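Read through the structure below, which is laid out as structure tokens, and then see the notes.
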Protein chains: 2
Amino acid sequence: MPEILSEKKKELIERIGVFHEQRGMQPLMGRIFGLLMVLDEAEATFEEIVDYLSVSKSAVSNALNFMQAQNKVRYKTKPGKRKRYFYLKIDDWENDMQQQIEEITKGAHFLNEVIAARKNEKPEFTRQLQELCEFLEYVKTKIPNLFEGFRKQKR
Amino acid sequence: MPEILSEKKKELIERIGVFHEQRGMQPLMGRIFGLLMVLDEAEATFEEIVDYLSVSKSAVSNALNFMQAQNKVRYKTKPGKRKRYFYLKIDDWENDMQQQIEEITKGAHFLNEVIAARKNEKPEFTRQLQELCEFLEYVKTKIPNLFEGFRKQKR
DNA sequence: AAAATGGTTCTCTATTTTATAAACAAAGTA
DNA sequence: TACTTTGTTTATAAAATAGAGAACCATTTT
């Protein structure tokens, strides 16, 4: 028997949905994300997702396939049951975080191209581009330290 | 006489546009961003932007207003001239970067809510949420160090 | 075999986003 | 005053997105 969601949880799911939506995730994906976090069991069948979120099967099918392709979601089965139990693959959050932080530093590449393409007509401007670029490259080198520092601090 | 853009610069502008587009910026904004970086003068009039990018005036007007509201772009005027010279406000990239890095840590807030809302039926799952959350909070505290470390390393 | 289950795929529609074109406003010029 | 320049606004149109609903397919179950 599936958990009955409190109003608080429903509302939290929606807010988590909006949060992700604003960061470029498609709306339903964000809400599935929220749902799978909030459920005490931390998992749900296809049908439950449809019911909890009141959306169509096709929407759920597409969203789940997308999330699985992105390695955000997995499913398992249970002996004797045909249904799939979808859950968040949260155990590799470190990889995820690393990628997210690296994302920010990706722009450095373009900055270098821009700097190379510019005549130095506005040295002050070019210098600022350079400084930003150097910062991004510095951050990139410091990412491993961040994880290391975190682990060290935990013990 | 406005600079004539080389093929290389045109292509670079487009790639910068796509880069920003993929990060949620509207397409034209990304290309204006690229244009204003790549131009030797690091500035352009409204009309020049329209011509360089072959887009409509209203599109440019909207994009520039948006970018000015976001404090990404400013304009100045020149004595005797009526035109506005738009340029990137790049000098506060530190603020910008800080906000971008903080963006990543925003999710911690939701994670705390989720953890509070969950019965502890799946302790392993909850523990992973907690760990991720702690990491985000750790990163948040380390942001100032990042800037400090960068400045230190520069001298 | 027929029916039920679990999920996928296809078609259509509503919404949102992005851009155009044309009218408009303001301010300077002849 | 009329005309030009410089941008803004206002309708619209075109295109991309998200999702609904129904048909569909592959397994089980009966």
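The chains referred to below are lettered A, B, ... by the order of the sequence lines, with proteins before strands, and numbering in each begins at 1. None of these values were measured; they are calculated from a predicted model.
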| request: Have a look at B:A59 and say if it touches a base, only the backbone sugar-phosphate, or nothing, with a 4.0 Å heavy-atom cut-off. | output: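 Result for B:A59 = base.
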
Separation of [X] atom [atom1] from [N] atom [atom2], in whole Å?
X	N	atom1	atom2	value
A:F66	C:dT8	CZ	P	15 Å
A:Q22	D:dT17	CD	P	19 Å
A:E48	C:dG7	CD	P	10 Å
A:Q26	D:dA16	CD	P	16 Å

Residues in salt bridge (Lys or Arg N to Asp or Glu O under 4.0 Å) with [X], at least two apart?
X	result
B:E41	A:K122
A:E94	A:R151
B:K89	B:D91, B:D92

| note | Residues pairing under salt bridge (charged side-chain N to carboxylate O under 4.0 Å, His left out) where one sits in residues 54-74 of chain A, two or more places apart or in two chains, turn out to be A:K72-A:D96

| What is the per-nucleotide protein-contact pattern of nucleotides 7-15 of chain D, from the 5' end, where B denotes a base atom under 4.0 Å from a protein heavy atom, S denotes such proximity for sugar-phosphate atoms only, and - denotes neither? | BBBB-----

| Is it true that A:R84 and A:E43 make a salt bridge, defined as a side-chain N closer than 4.0 Å to a carboxylate O? |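 No, A:R84 and A:E43 are not salt-bridged.
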
| request: Let me know, please, whether A:M25 or A:G80 comes out on the 5' side of the other along DNA chain D by nearest nucleotide. | output: A:M25

| said: Short of 4.0 Å, heavy atom to strand atom, which residues of residues 27-36 of chain A count as contacting DNA chain D? | reply: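 Close to the strand are A:P27, A:L28, A:R31.
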
| Restricting to pairs with a member in residues 17-43 of chain A, which pass ring-ring contact (aromatic ring centres under 6.0 Å, His included), not counting sequence neighbours? | A:F19-B:F110, A:H20-A:F33

| query | Are more than 12 heavy atoms from other residues, nucleotides or ligands located less than 6.0 Å from atom CZ of B:F46? | reply |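 Yes, CZ of B:F46 has more than 12 neighbouring heavy atoms, counting only those of other groups under 6.0 Å.
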
| query | A:K152: what forms a side chain to side chain donor-acceptor pair (under 3.5 Å) with it, not counting sequence neighbours? | reply |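 In terms of side chain to side chain donor-acceptor pair (under 3.5 Å), with neighbours along the sequence ignored, A:K152 is linked to no residue.
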
| note | Residue pairs passing the side chain to side chain donor-acceptor pair (under 3.5 Å) test with at least one member in residues 30-40 of chain B, sequence neighbours excluded, are B:K9-B:D40

| request: Rounded to 10°, tell me the angle between the two end axes of the helix from C:dA1-D:dT30 to C:dA30-D:dT1, each built from five pairs. | output: 20°

| field | Partner residues of B:Q22 under the side chain to side chain contact (heavy atoms under 4.5 Å, CB included) criterion, sequence neighbours left out | value |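 If we apply the side chain to side chain contact (heavy atoms under 4.5 Å, CB included) test to B:Q22, skipping adjacent residues, the hits are B:V18.
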
Table please: side-chain donor-acceptor pairs of residues 134-148 of chain A below 3.5 Å, with sequence neighbours left out.
from, atom 1, to, atom 2, distance (Å)
A:E134, OE1, B:K154, NZ, 2.9
A:E137, OE2, A:N112, ND2, 3.2
A:T141, OG1, A:Y138, O, 2.6

